[in-house]
Amino acid sequence: MSRHGWQKSSYCQEGDACLHVAASGAAETVHLTESADPDHSILSATPAAFDALLRAIKSPDRG
């Protein structure tokens with residue numbers, strides 16, 4: 001994997017369908033990748049944008 005200190009999602013099951021999260025720059029940037037391609041497909045976001053993503057995913061209204 002790349003230089004980021006990746007943490008695997010607690011919702012991950014076995015296989016290549018796992019989300020990994022890392023923070024960098026005193027938590028100024030949040031990075032997301034998936035286990036099948038951890039070094040090439042990295043999404044970077046601000047902590048506020050990542051928080052909005054999590055709230056949207058967890059929302060009961062996402063239909």
Side-chain angles (χ1 to χ4, degrees):
M1 284 192 154
S2 67
R3 69 187 187 286
H4 299 295
W6 297 108
Q7 295 181 341
K8 184 168 52 170
S9 168
S10 60
Y11 291 99
C12 182
Q13 297 179 7
E14 297 298 320
D16 286 339
C18 297
L19 179 66
H20 296 262
V21 180
S24 65
E28 293 177 11
T29 306
V30 178
H31 306 282
L32 301 168
T33 191
E34 58 108 9
S35 55
D37 189 16
D39 291 323
H40 296 100
S41 300
I42 299 173
L43 173 70
S44 298
T46 64
F50 182 64
D51 183 55
L53 173 65
L54 291 178
R55 280 187 277 119
I57 290 169
K58 293 177 181 180
S59 172
D61 298 330
R62 64 177 187 125

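Across all their heavy atoms, Leu19 and Thr33 have their closest contact at CD1-O, 3.3 Å. Here the closest heavy-atom approach between residue Glu34 and residue His20 is recorded as C-CD2, 4.2 Å.
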Under 3.5 Å, side-chain donor or acceptor atoms of residues 42-54 against the rest of the protein: list the pairs with distances, not counting sequence neighbours.
| from | atom 1 | to | atom 2 | distance (Å) |
| --- | --- | --- | --- | --- |
| Ser44 | OG | His31 | ND1 | 2.8 |
| Thr46 | OG1 | Ala49 | N | 3.1 |
| Asp51 | OD2 | Arg55 | NE | 3.1 |
| Asp51 | OD2 | Arg55 | NH2 | 3.2 |

